[in-house]
S.K.: 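Take a look at this one; I'll ask things after.
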Amino acid sequence: MDTSIQKHYFSTHLLTWYRRHRRDLPWRRSRNPYYIWISEVMLQQTRVDTVIPYFHRFIERFPTMESLADAPEEDVLKLWEGLGYYSRARNLQGAIREVQERYAGKVPDTLEEISTLKGVGPYTAGAVLSIAYNKPEPAVDGNVMRVLSRYFLIEEDIMKPKTRSIMEKLAKELIPEGAAGDFNQALMELGAMVCTPRSPHCLTCPVMEHCSARDAGMEEELPVKKKAKPPRPEYRIAAIIEGSGDNAGKVLIRQRPQEGLLARMWELPHAEVPFTYEAQEQTVLQAIPASISLLTDQLAEETIGVCPERWFMKAEHTFSHIHWDMQVVVCSLEPSVLSTSSGMLMPSRYQWVDSSMMEQFAFPNVFLKLLNRYFQEKQMS
DNA sequence: AAGACGGGGCA
DNA sequence: TGCCCAGTCTT
């Protein structure tokens with residue numbers, strides 16, 4: 001097979017297929033670079049079906065770059081709640097502010113300029129430039145690498161930066177004259193709808209005829225990808241601290257540190273329990289009393305005296321690099337502390353909330369689900 | 001080059 | 001329940 005014929009066939013057939021079969025997605029109804037940008041950032045590591053409602057809410061609350069630039073960060077974080085990788089939201093707002101100041105409110109249309117913006121890497125730069133401005137830049141994401149590795153039978157490990165640069169060069173060559181935006185979206189659409197990770201739908205593929213992996217019976221083996229390391233386990237103990245008096249019906253939450261995991265999000269007070277990796281389930285359960293004192297000691301250092309009342313539930317949550325195994329215990333405030341905890345001594349990163357106040361604070365999903373379940377059960381009883 | 005950084009879907 | 005998905009920034 002002559003490679004140049006194979007490439008030309010791919011580009012023309014894929015583009016034609018896309019223009020007939022493209023899904024009607026919210027961000028495809030606009031050429032507004034700002035909206036395209038938001039959608040591309042949300043779509044990083046996130047499925048289309050998940051992003052759609054977030055996208056609608058986001059552009060309704062922040063219809064213009066100016067509105068996003070002027071918003072408090074916590075509002076942006078709240079709109080991102082549950083979407084994950086929260087630095088995406090902070091970087092997006094920071095970059096939008098940069099566009100307001102440095103580029104007179106116009107999203108840059110050159111690779112050099114747009115790539116300097118926070119959170120805009122090679123993929124997002126190419127996606128915005130091609131989709132919003134029809135510039136012939138490649139936009140290589142996981143879908144694209146899967147499609148190209150199969151069609152051209154590329155057996156390099158796609159996790160390697162070198163493979164990525166090979167893919168970018170190839171993807172750029174394939175862009176048909178004047179159709180960068182549609183072609184780049186066509187590549188991703190094919191990867192999402194037809195050339196799927198497992199059991200690709202070759203029989204409906206518009207470019208099956210010249211697909212090298214299909215010819216070689218290799219479509220299920222590609223792309224080659226080194227497996228990620230399993231997440232390390234962490235054992236944690238969390239407290240649902242019930243208020244009394246003025247705070248009756250409320251529980252205590254706190255804000256996470258400025259940097260690191262789930263930065264600036266709100267959570268239930270909790271502590272890591274220093275068990276070894278070898279700790280068995282039984283050992284952990286038996287160790288709950290010791291874990292509780294570990295947590296209450298930490299809270300006492302913050303002038304919050306609590307008393308464990310009852311076990312609530314176990315909660316597990318897996319991040320890409322950490323697995324949390326968390327026991328959740330309902331606590332009351334110690335009476336002796338009650339009289340002195342009227343606000344002056346409570347650190348400001350702590351906050352009493354009830355069910356109706358949840359919308360004022362952004363929580364990671366693991367705590368959002370826990371709190372909703374707690375408030376729901378309390379309402380039942 | 002390797003690790004940090006969330007959350008969800010599928011078999 | 002276990003496996004898969006995978007952009008950008010930092011170290």
Side-chain angles (χ1 to χ4, degrees), chain A residues 37-54 77 79-95 114-128 137-149 156-165 167-168 171 184 187-188 191-193 195-201 220-234 256-267 281 314-326 362-370:
Chain A
W37 185 2
I38 293 169
S39 72
E40 290 303 336
V41 173
M42 287 185 171
L43 286 164
Q44 291 167 11
Q45 292 90 20
T46 314
R47 313 171 60 82
V48 164
D49 289 343
T50 305
V51 165
I52 288 173
Y54 283 91
L77 218 48
L79 270 282
W80 212 270
E81 180 186 72
L83 209 46
Y85 287 116
Y86 300 97
S87 66
R88 289 185 296 175
R90 288 188 295 269
N91 284 339
L92 176 61
Q93 189 184 30
I114 202 170
S115 299
T116 67
L117 297 168
K118 271 180 276 184
V120 179
Y123 165 74
T124 307
V128 173
E137 296 293 341
V140 175
D141 69 352
N143 287 312
V144 174
M145 287 203 280
R146 184 170 59 254
V147 169
L148 295 182
S149 71
E156 313 289 324
D157 180 352
I158 64 167
M159 296 302 283
K160 291 183 175 174
K162 182 151 179 291
T163 308
R164 188 203 170 83
S165 67
M167 296 282 186
E168 281 173 349
N184 283 349
L187 267 172
M188 295 186 270
M193 305 304 293
C195 198
T196 48
R198 279 171 291 195
S199 48
H201 310 135
E220 301 261 16
E221 326 306 323
L222 294 170
V224 173
K225 186 177 179 182
K226 197 179 66 183
K227 270 199 288 188
K229 283 173 59 176
R232 66 172 186 274
E234 278 185 10
R256 294 180 59 85
Q258 295 292 302
E259 306 290 336
L261 183 68
L262 303 169
R264 284 167 262 184
M265 305 284 286
W266 292 80
E267 66 179 5
E281 188 79 1
K314 168 193 170 87
E316 289 190 78
H317 190 74
T318 306
F319 304 94
S320 44
H321 58 307
I322 306 171
H323 176 86
W324 277 1
D325 185 326
M326 197 157 54
F363 297 90
N365 259 4
V366 55
F367 293 112
L368 194 61
K369 288 174 179 172
L370 263 171

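Atom set for the values below is all heavy atoms of this structure, side chains included, hydrogens, waters and symmetry mates excluded. Sequence lines set the chain letters: A, B, ... in the order given, protein chains first and strands last, and positions in each chain run from 1.
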S.K.: Need to verify one output field. Residue with the more 5' nearest nucleotide on DNA chain C, A:N143 or A:V120?
M.R.: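 Its nucleotide being nearer the 5' end, the pick is A:N143.
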
S.K.: Can you find a side chain N or O atom of A:K160 that sits less than 4.0 Å from OP1 or OP2 on B:dA1?
M.R.: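 No, outside the criterion.
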
S.K.: Nucleotide by nucleotide, 5' to 3', does protein get under 4.0 Å of the base (B), only the sugar-phosphate (S), or neither (-) in nucleotides 4-11 of chain B, counting heavy atoms?
M.R.: SBBBSB--

S.K.: Consider side-chain hydrogen bond (donor to acceptor under 3.5 Å, both in side chains). Of A:R164, A:E40, A:E168, which one does A:Y123 pass it with?
M.R.: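 Of all the options given, the one that passes is A:E40.
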
S.K.: Between B:dG9 and C:dT8, how far apart are the two P atoms, rounded to whole Å?
M.R.: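 These two P atoms come out 23 Å apart once rounded.
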
S.K.: Do other residues, nucleotides or ligands put more than 12 heavy atoms under 6.0 Å from A:E259 CD?
M.R.: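 It does not: A:E259 CD has 12 such atoms or fewer within range.
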
S.K.: Measure CE/A:M188 against C1'/C:dA6 and give the value in whole Å, please.
M.R.: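 So the CE-C1' distance, A:M188 to C:dA6, works out to 14 Å.
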
S.K.: OP1 or OP2 of B:dA2 less than 4.0 angstrom from a side-chain nitrogen or oxygen of A:K226, does that happen here?
M.R.: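 So the side-chain polar atoms of A:K226 do come within 4.0 Å of the phosphate oxygens OP1 or OP2 of B:dA2, strictly under.
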
S.K.: Nearest-Å distance, CE (A:M167) to P (C:dA6)?
M.R.: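 That distance rounds to 12 Å.
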
S.K.: Determine the interatomic distance between C1' on B:dA4 and the same-named atom on C:dA6; round to the nearest Å.
M.R.: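 Approximately 13 Å lies between the C1' atom of B:dA4 and that of C:dA6.
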
S.K.: Answer yes or no: is there a side-chain heavy-atom contact under 4.5 Å between A:K225 and A:M145?
M.R.: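 Sidechains of A:M145 and A:K225: no contact.
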
S.K.: For A:I114 and C:dT8, what is the distance between atoms CD1 and P respectively, to the nearest whole Å?
M.R.: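 So the CD1-P distance, A:I114 to C:dT8, works out to 11 Å.
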
S.K.: Please measure how far the P atom in C:dT11 lies from the corresponding atom in B:dG6, and state the result in whole Å.
M.R.: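 Taking atom P in both C:dT11 and B:dG6, they lie 15 Å apart.
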
S.K.: Using every non-hydrogen atom in the two residues, find where A:L92 and A:V41 come nearest and quote the distance to one decimal.
M.R.: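 Between these two residues, the closest heavy atoms are CD1-CG2, 4.4 Å.
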
S.K.: Across the strands shown, which category fits A:D141 at heavy-atom distances under 4.0 angstrom: base, sugar-phosphate, nothing?
M.R.: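 A:D141: backbone/sugar contact only, no base atoms under 4.0 Å.
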
S.K.: Between C:dC5 and B:dC5, how many Å separate the two P atoms, rounded to a whole number?
M.R.: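 Pairwise P distance, C:dC5 against B:dC5, rounds to 23 Å.
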
S.K.: How long is the line joining NZ of A:K118 and C1' of C:dT10, in whole Å?
M.R.: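 Whole-Å distance recorded here is 15 Å.
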
S.K.: Base, sugar-phosphate alone, or nothing: which one does A:K225 contact when heavy atoms must sit under 4.0 Å apart?
M.R.: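 Touches a base.
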
S.K.: Please identify each residue that fulfils ring pair (Phe, Tyr, Trp, His ring centres under 6.0 Å) with A:Y54, with sequence neighbours left out.
M.R.: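 A:Y54 satisfies ring pair (Phe, Tyr, Trp, His ring centres under 6.0 Å) with no residue once adjacent residues are dropped.
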
S.K.: Please report the closest heavy-atom contact between A:Y86 and A:F363, naming both atoms and the distance.
M.R.: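 Residues A:Y86 and A:F363, closest heavy atoms: OH-O, 4.4 Å.
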
S.K.: Mind calculating the distance between CE (A:M145) and C1' (C:dC5) to the nearest angstrom?
M.R.: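 One finds 12 Å between C1' of C:dC5 and CE of A:M145, rounded.
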
S.K.: How far apart are the closest heavy atoms of A:S199 and A:H201, and which atoms are they?
M.R.: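 The answer is O-CD2, 3.5 Å.
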
